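Worksheet: one structure, shown below.
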Amino acid sequence: AVASTASGYADYGLYGKGGALPAPELAAWFNAWLYILLLFVAPCLLFLLFPDGRPPSRRWRPVVWLVAVAGAGIFFTLAFSPGELDEYAYPGLANPLGIGGDMGEILTAIEGPGNGIVPIAVLVSIASMIVRFRRARGRERLQLKWVVYTAALVATSFLVSFMLPARVPQVIQDAVFLLGVAAFAGIPIAAGVAILRYRLYDIDLLINRTLV
């Protein structure tokens with residue numbers, strides 16, 4: 001909801017009839033990096049920590065740190081790199097908080113390698129959930145089933161979308177990306193099935209206490 005509000009505010013202030021709106025550039029800046037939390041950090045942490053809030057084993061803890069560090073790095077490069085803010089969403093708009101000088105050059109230089117970490121972290125996070133699913137038994141396996149299938153579809157769709165060469169028709173690129181968006185929207189539905197149908201988090205007890 002926050003991301004959509006920032007996007008609409010920026011579009012209306014920059015390109016619509018909202019010339020009197022204050023600071024639409026800052027709304028565009030906010031929207032330019034917020035999607036990293038939505039499409040990368042939050043899903044990866046969900047895949048690593050669902051359903052008990054802990055990684056499958058101690059050996060997976062470095063992956064949690066990898067996701068956190070990669071997310072922070074991408075945030076800094078998107079939020080403070082000099083030059084154009086977002087060539088697709090806001091063409092020609094300079095980053096209002098871009099840092100110049102040597103620091104700006106460093107941020108620009110690490111942007112490419114940092115973006116390369118994203119698909120690796122996503123795949124490893126999905127792998128952790130698959131490992132947990134293979135080890136799980138009984139009710140935990142049922143709780144994981146829906147989320148594992150949805151997560152695999154999200155990862156596959158987004159990775160294919162990002163890795164398609166430029167010569168692929170735009171309509172195909174958009175279709176693959178929208179499939180990932182639809183699967184992403186299915187993650188909370190899958191979690192809801194795990195919570196309500198398979199009594200994750202002792203939901204019956206929570207509802208009873210809430211009603212009392």
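Note that the coordinates shown come from a computational prediction; the quantities given were computed from them, not determined experimentally.
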Hey, is the main chain of Leu49 close enough, under 3.5 Å, to the side chain of Arg54 for a donor-acceptor pair?
-> no

ask   = Between Thr77 and Ile74, is there a donor-acceptor pair closer than 3.5 Å when you use the side chain of the first and the backbone of the second?
value = yes

Rounding to 0.5 Å, atoms CG (Leu48) and SG (Cys44) come to a distance of 6.5 Å

**OP:** Quick one: sort the Trp33 and Phe75 rings into parallel, tilted or perpendicular, breaks at 30° and 60°.
**Re:** perpendicular

So the side chain to side chain donor-acceptor pair (under 3.5 Å) pairs with at least one residue in residues 182-196 (sequence neighbours excluded) are none

Excluding Trp65, membership of its hydrophobic cluster (Ile, Leu, Val, Met, Phe, Trp, Tyr; side-chain heavy atoms within less than 4.5 Å) reads none

Taking every heavy atom of Ala10 against every heavy atom of Ala28, the minimum-distance pair comes out as CB-N, 3.6 Å

*Do any N or O atoms from the side chain of Arg167 and from the backbone of Leu164 form a donor-acceptor pair under 3.5 angstrom?*
no

Mark yes or no for whether Glu84, through its side chain, and Ala94, through its backbone, hold a donor-acceptor pair below 3.5 Å.
no

Cluster membership besides Val212, Ile/Leu/Val/Met/Phe/Trp/Tyr side chains within less than 4.5 angstrom, sorted by chain and number, is none

Scanning both residues in full, the closest heavy-atom pair of Tyr90 with Ser7 reads OH-CA, 4.1 Å

Counting only pairs under 3.5 Å, give me each side-chain donor-acceptor contact of residues 120-130, with atom names and distances, residues two or more places apart or in other chains.
unit_1 : atom_1 : unit_2 : atom_2 : d
Ser125 : OG     : Ala121 : O      : 2.8
Ser128 : OG     : Ser125 : O      : 2.6

Heavy-atom closest pair (Trp29 atom, Asn95 atom, distance to 0.1 Å) is CD1-OD1, 3.2 Å

Taken to the nearest 0.5 Å, the spacing of Glu25 CD from Leu85 CG works out to 10.0 Å

Step by step, work out the side chain to side chain contact (heavy atoms under 4.5 Å, CB included) result for Phe30 and Val2.
CA-CA 10 Å; Phe30 186 75; Val2 172; 3.5 Å; yes

Kindly list each side-chain donor-acceptor pair under 3.5 angstrom involving residues 172-180, sequence neighbours excluded, with atom names and distances?
unit_1 : atom_1 : unit_2 : atom_2 : d
Gln173 : NE2    : Val168 : O      : 2.8
Asp174 : OD1    : Gln170 : NE2    : 2.9

Quick one, Phe184 and Thr150 - any side-chain contact, counting heavy atoms below 4.5 Å? no

Value for OH (Tyr12) from CG (Leu21), rounded to nearest 0.5 Å, stands at 6.5 Å

Between Trp60 and Val131 the two heavy atoms that sit nearest each other are CZ2-CG2, 4.0 Å

Sorted by chain and residue number, the side-chain hydrogen bond (donor to acceptor under 3.5 Å, both in side chains) partners of Tyr9 (sequence neighbours excluded) come out as none

Test of understanding: clusters of I, L, V, M, F, W, Y form through side-chain heavy atoms closer than 4.5 Å, transitively. Do Phe133 and Ile189 belong to the same one? no

State plainly whether one hydrophobic cluster holds both Val67 and Val69, where clusters connect Ile, Leu, Val, Met, Phe, Trp and Tyr through side-chain heavy atoms under 4.5 angstrom apart. no

Closest non-hydrogen atoms of Val41 and Gly71, given as atom of the first, atom of the second and distance, are CG2-CA, 3.9 Å

Value for CG (Leu144) from CZ (Arg132), rounded to nearest 0.5 Å, stands at 6.5 Å

Separation between CD1 (Ile187) and CH2 (Trp146), nearest 0.5 Å, reads 14.5 Å

